[in-house]
S.K.: 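I have a structure I would like to understand better, so I am pasting it below and will then ask my questions one at a time.
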Amino acid sequence: MPAFKSDFLRTMSERGFIHQISDETGLDQLFAKETVTAYVGYDATATSLHIGNLISATMLYWLQETGHRPIALMGGGTSMIGDPSFRDDQRSLLTPEAIATNIEGIKRIFGRILRFGDSPNDAVMVNNADWLMKLNYVEFLRDVGRHFSVNRMLTFDSVKLRLDREQSLSFLEFNYMILQGYDFVELARRQNCRLQMGGSDQWGNIINGVDLGHRMGTPQLYALTTPLLTTSSGAKMGKSAKGAVWLNGDLFSPYDFWQYWRNTEDADVERFLKIFTRLPLDEIARLAALGGSEINEAKKVLATETTAIVHGRDAANQAEETARKTFEEGALADTLPTVDADRSALEAGIGILSLLVTAGLASSNGEARRHIQGGAVRINDQPVSDDRRAVTLQDLSPENVVKLSLGKKKHILVRPA
């Protein structure tokens, strides 16, 4: 990686964000001489972003911190189709009402990460439905579609992989990459946007926009992508026992979010501190140098700093304190995640296997049984060895809850409702 002159690209390089850049020298010179506007696009396929999106959102944060202007593009129009990249099937089509609801949920996280307003480098949020939903199809084909080579589009990995697997690729989805390329041109015209950023799986789509801008007379446009983020053991990031690691607390609690980062593999601590926190690099180097059991202190810092960015400092501190009480003092912290159980069902007795699944500590009865056979399950800190055991009202603690544990780090409170 070259030695960049601009603060933004130097920060991106030092913190491990850069996978590919369309023109390193040209983009570095642009950043060094003027305030650059750049964007990342987010399709509104759910009411929240997930930790994979946190990487690009953090890039927008550093863009703003180094004096430039970020755009968070909401895909109100493209979400009507869905990005087919690296999928084996077509996405379910969403209604306009569902997309609007999802966008409102996504806005919440950006309010914590970016500074919005009217100053020269304040962030803006725009919606591509503003121009895509007004397009005249025949005019669009004539003015934009003619610039795209189907032969070239078929060589992109996102399409080629789908065809190699003999999976259907509908004409609807094939148009997605044209619309995404056109988004870049519209943002160049409307916002003087010169750079699109995203994950490495979006390289082909972003380059389409760069090429389209050249053909349609915009200033030179640029592309920057991040590496696909995996753990050191090769696992794709973003999954937990409860499913996706969402950024909104109503889908994935701040405590669970903190615990996700606390469980980071030792070999990933330094890399994740650079990418997901705002700590200075010298402090990250100090934490990364900790050896043996002291690396757990670095993991706690990673968990708290990342949780503070997404959920606020108070929520992060509370999550850390809950974990301390639970693991270091053995206390029952009332801020642990909870699930409700029907009181009448508890009177009759709820099987431990189904309760583990309901609590999100196992994905199936079979997995729950294996956890019990392995000695990993406890009720109120007492080991469970019988997979036919039932949890009843007799198991309620003085705090009127049942503490259900899997291993040393996963705890759920079951409350009668």
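No experiment lies behind these values; they were computed from the predicted model shown.
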S.K.: Under a 4.5 Å cut-off applied to non-hydrogen side-chain atoms, are Arg278 and Glu305 in contact?
M.R.: no
S.K.: Checking Thr101 side chain against Glu97 main chain: does a donor-acceptor pair fall under 3.5 Å?
M.R.: yes
S.K.: Is a donor from one side chain sitting under 3.5 angstrom from an acceptor on the other, for His411 and Ser405?
M.R.: yes
S.K.: Testing the basics here: between Gly76 and Asn128, what is the closest heavy-atom pair and its distance to 0.1 Å?
M.R.: N-OD1, 3.2 Å
S.K.: Indicate yes or no: does Asp340 engage Arg415 in a salt bridge with an N to O separation below 4.0 Å.
M.R.: no
S.K.: For residues Asp201 and Leu228, determine if any side-chain heavy atom of one lies less than 4.5 Å from a side-chain heavy atom of the other.
M.R.: no
S.K.: Does a donor on one side chain sit under 3.5 Å from an acceptor on the other, for Asp43 and Thr78?
M.R.: yes
S.K.: Would you say the side chain of Val36 lies within less than 4.5 Å of the side chain of Phe8, judging by non-hydrogen atoms?
M.R.: no
S.K.: Considering all heavy atoms of both residues, which atom of Gly198 and which atom of Ile206 are nearest to each other, and what is their separation?
M.R.: N-CD1, 4.0 Å
S.K.: Using a distance-only test with no angle check, is there a side-chain donor-acceptor pair under 3.5 angstrom linking Trp131 and Asp183?
M.R.: yes
S.K.: Should the ring pair Phe276 and Trp261 be called parallel, tilted or perpendicular, given that the plane angle runs from 0 to 90° and is split at 30 and 60?
M.R.: tilted
S.K.: Compute the centroid of each ring, for Trp246 and then for Phe257, and state whether the two points are separated by less than 6.0 Å.
M.R.: no
S.K.: Distance-only, no hydrogens or angles: does the Asp342 side chain make a donor-acceptor pair with backbone N or O of Ala345 under 3.5 Å?
M.R.: yes
S.K.: Please report the closest heavy-atom contact between Arg15 and Lys274, naming both atoms and the distance.
M.R.: NH1-O, 2.8 Å
S.K.: Backbone N or O of Gln259 within a donor-acceptor pair of the Asn263 side chain at under 3.5 Å?
M.R.: yes
S.K.: Verify, without hydrogens or angle tests, whether Asn127 (side chain) and Ala129 (backbone) share a donor-acceptor contact under 3.5 angstrom.
M.R.: yes
S.K.: Do Phe272 and Thr306 have side chains that approach each other closer than 4.5 Å (heavy atoms only, starting at C-beta)?
M.R.: no
S.K.: Check this for me, if you would: do Glu320 and Arg313 make a salt bridge, where the nitrogen-to-carboxylate-oxygen distance has to be below 4.0 angstrom?
M.R.: no
S.K.: Going by heavy atoms in the side chains, are Leu229 and Arg271 under 4.5 Å from each other?
M.R.: yes
S.K.: Any sub-3.5 Å donor-acceptor pair from Thr58's side-chain atoms to Leu54's backbone N or O?
M.R.: yes
S.K.: Check whether Thr307 reaches the backbone of Thr304 with its side chain - one donor and one acceptor, N or O, closer than 3.5 Å.
M.R.: no
S.K.: Have Gln180 and Asn205 got a donor and an acceptor in their side chains that come within less than 3.5 Å?
M.R.: yes
S.K.: Check whether Tyr42 reaches the backbone of Ala57 with its side chain - one donor and one acceptor, N or O, closer than 3.5 Å.
M.R.: yes
S.K.: Donor-acceptor pair, Arg69 side chain versus Gln191 backbone, under 3.5 Å?
M.R.: yes
S.K.: Can you check whether Leu73 reaches Val40 side chain to side chain, under 4.5 Å on heavy atoms?
M.R.: no
S.K.: Would you call Arg370 and Glu367 a salt bridge, using N to O less than 4.0 angstrom?
M.R.: no
S.K.: So if I apply the side-chain contact (heavy atoms from CB on, under 4.5 Å) rule between Asn121 and each of Arg115, His68, Glu65, which one comes out positive?
M.R.: Arg115
S.K.: Do Gln29 and Lys5 have side chains that get closer than 4.5 Å, going by heavy atoms?
M.R.: no
S.K.: What are the two closest non-hydrogen atoms of Ser22 and Trp203, and how far apart are they?
M.R.: N-CH2, 3.6 Å
S.K.: Is the centre of the Phe184 ring less than 6.0 Å from the centre of the Tyr39 ring?
M.R.: yes
S.K.: Would you call Lys33 and Asp28 a salt bridge, using N to O less than 4.0 angstrom?
M.R.: no
S.K.: Can you check whether Gly213's main-chain N or O pairs, donor with acceptor, with Thr218's side chain at less than 3.5 Å?
M.R.: yes
S.K.: What I'd like to find out is whether the side chain of Tyr222 reaches to under 4.5 Å of the side chain of Glu24, using heavy atoms alone.
M.R.: no
S.K.: Would you confirm whether Lys299, through its side chain, and Thr264, through its main-chain N or O, come within 3.5 Å as a donor-acceptor pair?
M.R.: yes
